[in-house]
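Only a predicted model underlies this, so the values are computations on that prediction, with no experimental measurement involved.
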Amino acid sequence: MNWEKYGKGAVIAVNCFAIFFMVYVIAVSAGYTVLLGDDFTHGVRVGAFHVPFFQYFAASLQYMKEIYLDWQGTYFAMFIQALLSPINNFGLPQLKAVMILNVLLFAAALFGVIWTAFDFILKEKKMPQIRLTVFSIVLFSVLDAEIFTEIFFWYSGAVAYSIPFSFALLGIMFFLLQNNDCYSGRKKLVFSICSAFFLFCASGGSLAVTGTGCYIVLLLAFGFYLTSHKISVRNIVVTVVGIIGAVVNVIAPGNFSRHTQNSGGEGFMLVKSVKWAVKNVWAETERLTKETMFGVMLVAMILIGIYLSARLQKILKKYGIISILALLTGYVTALPVAVGYAGPLFPNRCCFILDVVLVVSFLNFAVFIGCCLERWADLRDNRGACAVLFVVLFAVFVSSPEKISESSIVTVAELMHNGTYRNYYEECVSIYDYLENCEEANVVLPMPEYIENFECFYFDEDETAWVNIGIAEYYGKESIKRMNE
């Protein structure tokens with residue numbers, strides 16, 4: 001029997017099952033997302049309901065322009081906020097479709113980046129067992145970091161953060177493809193156009209996404225220059241397109257008016273913002289290592305680095321330079337958040353971008369550490385040393401501060417399986433139906449009981465609260481308020 005062949009097949013099968021389980025759990029759970037808060041106020045401000053597509057497309061562009069001038073520079077995020085808005089078009093079925101596609105898009109984009117990146121390491125060899133293992137580790141590390149309710153269970157969070165970030169990942173994937181010599185000049189041109197398009201769109205998302213995407217592309221362009229000693233016009237053009245999008249976002253008049261409101265008129269506190277950003281990155285890094293299974297994943301990636309070391313020896317120093325510079329990406333992600341909120345506030349939706357960046361950069365650095373260990377101690381051919389490393393991996397797994405049964409992905413799976421999400425969704429739907437059909441002008445309603453690990457529907461006891469006004473305007477009521485408990 002060919003044990004090596006069956007072993008590879010088993011690794012592929014296990015990883016495929018793990019990936020399917022994680023994506024399935026988040027996607028199905030995201031399908032129970034409910035309408036809330038900004039979903040109503042944005043839709044009401046767009047003002048076009050159930051109109052022909054091109055008319056609605058024009059209304060979405062107009063809304064993007066209004067927000068750009070009045071509130072923030074996120075031109076792409078606000079465009080799709082309007083374009084995909086469920087309350088303006090097909091309601092809850094559309095919301096379900098958008099939120100499920102949001103999950104699938106992120107998973108596919110992340111997978112694409114990892115697969116194409118390994119083309120430069122493995123060259124002509126596919127080695128799917130390695131690629132799938134790395135993707136499983138990265139995806140688990142991201143989904144285990146926290147339950148990202150504002151990304152996967154909130155429409156407005158998805159369109160402002162997750163979808164633009166997925167576009168940034170797609171832009172990075174095509175950037176890698178355009179530098180792969182396996183493809184013809186014509187294909188590289190197509191990849192360049194796609195990369196520029198996705199990066200420009202991504203630069204129109206939250207500034208945390210904008211800064212992250214631009215920094216990574218700059219880093220990759222620098223890395224390709226180090227290895228080839230040639231200046232690539234394509235790389236420069238694509239990078240400049242992403243930066244132009246970032247500039248368009250940053251200089252928006254709305255950014256300045258919003259920052260003045262958030263900061264109380266104190267202006268841009270750059271030094272304080274840098275301190276807040278550094279503290280947030282350190283705090284999140286500490287949390288990942290002390291409260292999740294991230295330490296186990298780091299050790300696993302060191303082992304993968306030892307296994308791949310022979311393929312990276314020729315470019316090890318250059319790979320090390322890029323890996324070290326990549327560790328700074330988290331600070332690039334955190335700084336715009338600190339500047340924008342004029343304080344240490346770091347919402348769940350921003351934490352998602354930061355966690356993805358920290359996970360990928362640290363796991364990549366772990367691969368580099370593994371390569372260095374192999375070069376220093378010749379570990380790959382030393383069976384005794386390899387056995388010790390696997391014992392270390394097992395020991396780290398056993399002593400991990402978090403067990404698999406306590407991980408975020410298992411928590412979401414349990415809430416999905418026991419009907420918590422479904423029951424809450426049905427309770428909210430009954431409220432929407434009541435508001436749609438009741439004849440009362442001034443509505444007083446009990447609010448659904450809050451559930452954990454979900455982005456819940458809410459409104460205030462004060463009928464003049466902004467969220468109440470948005471819901472009332474959408475349903476054509478004079479006022480809506482929460483029943484006193």
Side-chain angles (χ1 to χ4, degrees), residues 76 105-123 131 134-135 138 142 162-249 312 315 318-319 321-330 332-333 353 356-357 359-361 363-365 367-368:
F76 177 66
L105 178 63
F106 169 70
L110 184 62
F111 176 79
V113 170
I114 292 172
W115 190 274
T116 52
F118 267 92
D119 284 342
F120 295 92
I121 299 173
L122 303 177
K123 304 297 182 183
R131 301 181 196 232
V134 171
F135 178 61
V138 172
V142 170
S162 180
I163 294 177
F165 187 59
S166 295
F167 270 50
L169 293 175
L170 290 172
I172 293 165
M173 181 191 75
F174 283 111
F175 191 87
L176 291 169
L177 287 172
Q178 78 174 15
N179 285 278
N180 194 326
D181 292 332
C182 294
Y183 299 103
S184 64
R186 181 175 295 180
K187 285 187 177 180
K188 286 185 176 182
L189 178 60
V190 173
F191 295 149
S192 299
I193 294 171
C194 291
S195 181
F197 169 77
F198 282 114
L199 288 172
F200 185 79
C201 290
S203 290
S206 161
L207 285 175
V209 176
T210 304
T212 301
C214 289
Y215 181 75
I216 293 174
V217 170
L218 278 169
L219 200 58
L220 289 174
F222 178 60
F224 286 121
Y225 170 75
L226 287 179
T227 55
S228 67
H229 301 290
K230 296 179 182 179
I231 297 176
S232 170
V233 175
R234 280 200 180 98
N235 288 352
I236 292 174
V237 170
V238 171
T239 303
V240 168
V241 169
I243 293 173
I244 289 173
V247 172
V248 171
N249 190 335
L312 287 166
I315 59 167
K318 298 164 186 175
Y319 177 55
I321 292 171
I322 298 303
S323 297
I324 292 170
L325 291 174
L327 296 176
L328 300 176
T329 314
V332 177
T333 302
I353 310 299
V356 174
V357 166
V359 163
V360 174
S361 60
L363 291 180
N364 174 71
F365 189 72
V367 172
F368 172 67

Checklist entry - Going by heavy atoms in the side chains, are L199 and F174 under 4.5 Å from each other? => result no
Checklist entry - So which heavy atom on V238 is nearest to which on S192, and how close? => result CG2-O, 3.6 Å
Next on the checklist: Would you compute the distance between atom CG of L325 and atom CG of L219 and round it to the nearest 0.5 angstrom?
Outcome noted: 5.5 Å
Checklist entry - Is the closest side-chain heavy-atom distance between L105 and I163 below 4.5 Å? => result yes
Checklist entry - Could you walk me through whether F222 and I321 pass the side chain to side chain contact (heavy atoms under 4.5 Å, CB included) check? => result CA-CA 10 Å; F222 178 60; I321 292 171; 4.3 Å; yes
Next on the checklist: Using side-chain heavy atoms (C-beta onward) and a distance below 4.5 Å, is T116 in contact with N180?
Outcome noted: no
Checklist outcome for this item: Rounded to the nearest 0.5 Å, the CZ atom of F76 sits from the SG atom of C201 at a distance of 4.5 Å
Checklist entry - Would you say the side chain of V113 lies within less than 4.5 Å of the side chain of F175, judging by non-hydrogen atoms? => result no
Next on the checklist: Ring centroids only, cut at 6.0 angstrom: are F120 and F224 within range, meaning strictly under it?
Outcome noted: yes
Checklist entry - What's the spacing between I121 CD1 and I315 CD1 if we round to 0.5 Å? => result 7.5 Å
Checklist entry - Hey, what do you get for CE (M173) to OG (S166), rounding to the nearest 0.5 Å? => result 11.5 Å
Next on the checklist: How close do P164 and A202 get, counting heavy atoms only, and between which atoms?
Outcome noted: O-CB, 3.3 Å
Checklist entry - With a 4.5 Å limit on heavy-atom distance, are the side chains of N364 and Y319 in contact? => result yes
Item to check | Pairwise side-chain contact, R234 with N179, heavy-atom cut-off 4.5 Å (strictly under) | outcome: no
Next on the checklist: Under a 3.5 Å distance rule, please check whether T333 uses its side chain to pair with a backbone N or O of T329 as donor and acceptor.
Outcome noted: yes
Checklist entry - Can you name the nearest heavy-atom pair linking R131 to W115, along with the distance? => result NH1-O, 2.7 Å
Item to check | For the student: nearest non-hydrogen atoms of V209 and A168, plus distance | outcome: CG1-CB, 4.4 Å
Next on the checklist: Using 0.5 Å steps for rounding, measure from the CG atom of L207 to the CG atom of N249.
Outcome noted: 4.5 Å
Checklist entry - Quick one: are F368 and I322 in side-chain contact, heavy atoms under 4.5 Å? => result no
Next on the checklist: Taking the side chain as everything from C-beta on, heavy atoms only, tell me whether C214 gets closer than 4.5 Å to S203.
Outcome noted: yes
Next on the checklist: Please give me the minimum heavy-atom distance between T239 and A221, naming the atom from each residue.
Outcome noted: OG1-CB, 4.2 Å
Checklist entry - Relative to each other, are the rings of Y225 and H229 parallel, tilted or perpendicular (30° and 60° limits)? => result perpendicular
Checklist entry - Which distance, rounded to the nearest 0.5 Å, do you find between the CG of L218 and the CG of N235? => result 10.5 Å
Checklist entry - Shortest non-hydrogen contact from V138 to V359? => result O-CG1, 4.0 Å
Next on the checklist: Can you classify the ring geometry of F197 versus F167 as parallel (below 30°), tilted (30 to 60°) or perpendicular (above 60°)?
Outcome noted: tilted
